[in-house]
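See below for the structure under consideration.
Computed over heavy atoms, backbone and side chain alike; hydrogens, waters and symmetry mates excluded. Small disclaimer: the values here were computed from a predicted structure and weren't measured.
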Amino acid sequence: MKYRAHLSAVLAAALLAAGCASTTTGSVASGGSARSQLLLVSPEQVMQQSLQYYDQQNTKARAQGKLVTSGAEWNRVNTVMQRLVPHVATFRPDAARWPWQLVLIDEDTVNAHVMAGGKITFYTGIIRKLRLTDDEIAAIMGHEMAHALREHTREKISQSAAGDMAIAIGGALLGVGEGAQQLAGLGKQLALDMPFSRHMESEADLYGLELAARGGYDPRAAITLWQKMAQQGGGGGPSFLSTHPNSGDRMAALQNAMPRVLPLYEQARARR
Ligand SMILES: [Zn+2]
């Protein structure tokens, strides 16, 4: 096992060296630099897969009469998204041309998520139960858009694929390759359902904070949002927290970034 673990580590290192890049330029909120990412699969593959999943989700919701694509509540959230979209170019110019899309699903669940390429889902539960202000909606929207901009799903799939390959190749070399195929298949499934890493969450917080501020939304709402989220008890808390693991230092990191993003907010307000 020791040799296998060692071989896996060597392979993983080789893969890391081969597929590392950054999907965006750095954010002001995070201090300007962008973390290097493992990107083994193509963005097209990931977007295709995400689009399929989005279509399935929306078809199901429509059949249940829960898909909201117009009306006052949808307009409110969509207005926030439309105000943030022009500012994605700050991080990567190509994303300004992505077909960003919002659907609202009329369910009690306190959740929101994004799929690769800017396919955003909000549930009415998160808006109503947390009594979100527009600024707080912008905090969630910015956070979700940031996951897409940083291509966290692609990175997650790449990490999973790298692990599978290391196990498969390491196993084959040592004559213990059985089960490698199943592992490879499992990796793909996990990629869509697995929560993002804490590191990705922190990144999404900071890039999202900056997006909201640039769009003219008060970035301090990110603090009240997470406070509301923490207060929402019952049934193990909001499902948003299960897909968005809360790190203990989340609040501290947001507070720490505030002096860097507040000037952007003031500038955006002055231009309005
Ligand atoms: Zn997140």
Side-chain angles (χ1 to χ4, degrees), residues 23 41-85 88 94-130 132 137-138 140-158 160-161 182 184-196 200-201 204 208 211 229 232 235-245:
T23 52
V41 291
S42 75
E44 291 76 21
Q45 279 175 304
V46 180
M47 284 197 195
Q48 172 112 20
Q49 203 177 354
S50 296
L51 197 61
Q52 267 179 25
Y53 192 82
Y54 196 63
D55 284 344
Q56 278 170 19
Q57 167 199 277
N58 297 345
T59 302
K60 188 178 160 204
R62 188 180 289 113
Q64 294 172 330
K66 294 176 177 174
L67 190 74
V68 185
T69 56
S70 63
E73 208 169 23
W74 182 86
N75 278 338
R76 189 172 165 225
V77 185
N78 193 51
T79 298
V80 173
M81 184 178 83
Q82 295 304 335
R83 267 178 56 183
L84 300 199
V85 164
V88 298
D94 65 321
R97 296 185 300 275
W98 286 358
W100 293 90
Q101 190 185 344
L102 168 75
V103 296
L104 189 60
I105 295 181
D106 192 9
E107 273 180 23
D108 265 356
T109 178
V110 178
N111 212 349
H113 61 76
V114 69
M115 288 173 206
K119 303 300 182 193
I120 294 163
T121 303
F122 267 66
Y123 292 87
T124 50
I126 198 169
I127 301 164
R128 295 174 192 170
K129 285 189 181 170
L130 299 186
L132 295 179
I137 290 174
I140 299 174
M141 185 67 74
H143 177 102
E144 296 303 333
M145 288 170 72
H147 278 310
L149 292 172
R150 290 288 289 153
E151 296 190 58
H152 283 154
T153 302
R154 186 175 162 215
E155 188 181 5
K156 210 167 59 172
I157 293 173
S158 299
S160 170
Q182 287 101 305
L186 186 67
K188 284 199 181 64
Q189 286 181 356
L190 284 175
L192 275 179
D193 303 330
M194 245 179 4
F196 293 122
M200 293 173 184
E201 286 304 317
L211 265 179
M229 205 77 81
Q232 178 78 25
S239 49
F240 191 76
L241 288 181
S242 69
T243 50
H244 291 77

Donor-acceptor under 3.5 Å (Tyr54 side chain, Val114 main chain):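 The answer is no, because no donor-acceptor pair under 3.5 Å joins these two groups.
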Residue pairs, two or more places apart or on separate chains, that pass salt bridge (Lys or Arg N to Asp or Glu O under 4.0 Å) and touch residues 52-68: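 Output for this query lists Lys66-Glu107.
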Would you sort out whether Val85 and Met145 count as a side-chain contact (heavy atoms from CB on, under 4.5 Å), showing the intermediate values? CA-CA 9 Å; Val85 164; Met145 288 170 72; 3.9 Å; yes
First locate atom [atom1] of [X], then atom [atom2] of [Y], and finally report the distance between them rounded to the nearest 0.5 Å.
X: Leu51; Y: Gln56; atom1: CG; atom2: CD; result: 10.5 Å
X: Arg154; Y: Ser50; atom1: CZ; atom2: OG; result: 12.0 Å
X: Met115; Y: Gln101; atom1: CE; atom2: CD; result: 10.5 Å

Which atom names give the shortest non-hydrogen contact between [X] and [Y], and what distance separates them?
X: Ile105; Y: Ala61; answer: CD1-CB, 4.0 Å
X: Leu102; Y: Trp74; answer: O-NE1, 3.1 Å
X: Arg76; Y: Leu132; answer: NH2-O, 2.7 Å
X: Lys119; Y: Pro99; answer: NZ-O, 2.9 Å
X: Ala95; Y: Leu149; answer: CB-CD2, 3.4 Å
X: Pro43; Y: Glu151; answer: CB-OE1, 3.7 Å

Quick one: which of Ile140, Ile127, Ile120, Thr124 gives a side-chain contact (heavy atoms from CB on, under 4.5 Å) with Val77?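 Going through the options one by one, the only one that passes is Ile127.
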Please state whether the rings of His152 and His147 are parallel, tilted or perpendicular, taking 30° and 60° as the class boundaries.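 The rings of His152 and His147 stand perpendicular, inter-plane angle above 60°.
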Report the C-alpha distance between Ile137 and Phe122 in whole Å, list the side-chain angles of each, state the deciding distance to 0.1 Å, and finish with yes or no for side-chain contact (heavy atoms from CB on, under 4.5 Å). CA-CA 10 Å; Ile137 290 174; Phe122 267 66; 4.2 Å; yes
Verify the distance criterion only: is there a donor paired with an acceptor across the side chains of Thr121 and Gln57 at less than 3.5 Å?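 A donor-acceptor contact under 3.5 Å links the two side chains.
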Using a 4.5 Å cut-off on heavy atoms from C-beta on, say whether the side chain of Phe196 contacts that of Thr153.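 A side-chain contact under 4.5 Å exists here.
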Can you find a heavy atom in the side chain of Arg128 that is under 4.5 Å from one in the side chain of Asp106?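 In contact.
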Among residues at least two apart in sequence or on other chains, which ones pass side-chain contact (heavy atoms from CB on, under 4.5 Å) with Val110?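 Ile126, Lys129, Leu130, Met229, Gln232, Pro238.
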Met47 and Trp98: CA distance, side-chain angles, deciding distance, side-chain contact (heavy atoms from CB on, under 4.5 Å) verdict: CA-CA 11 Å; Met47 284 197 195; Trp98 286 358; 4.0 Å; yes
Test side-chain contact (heavy atoms from CB on, under 4.5 Å) on His143 and Glu201 and set out the steps. CA-CA 8 Å; His143 177 102; Glu201 286 304 317; 2.9 Å; yes
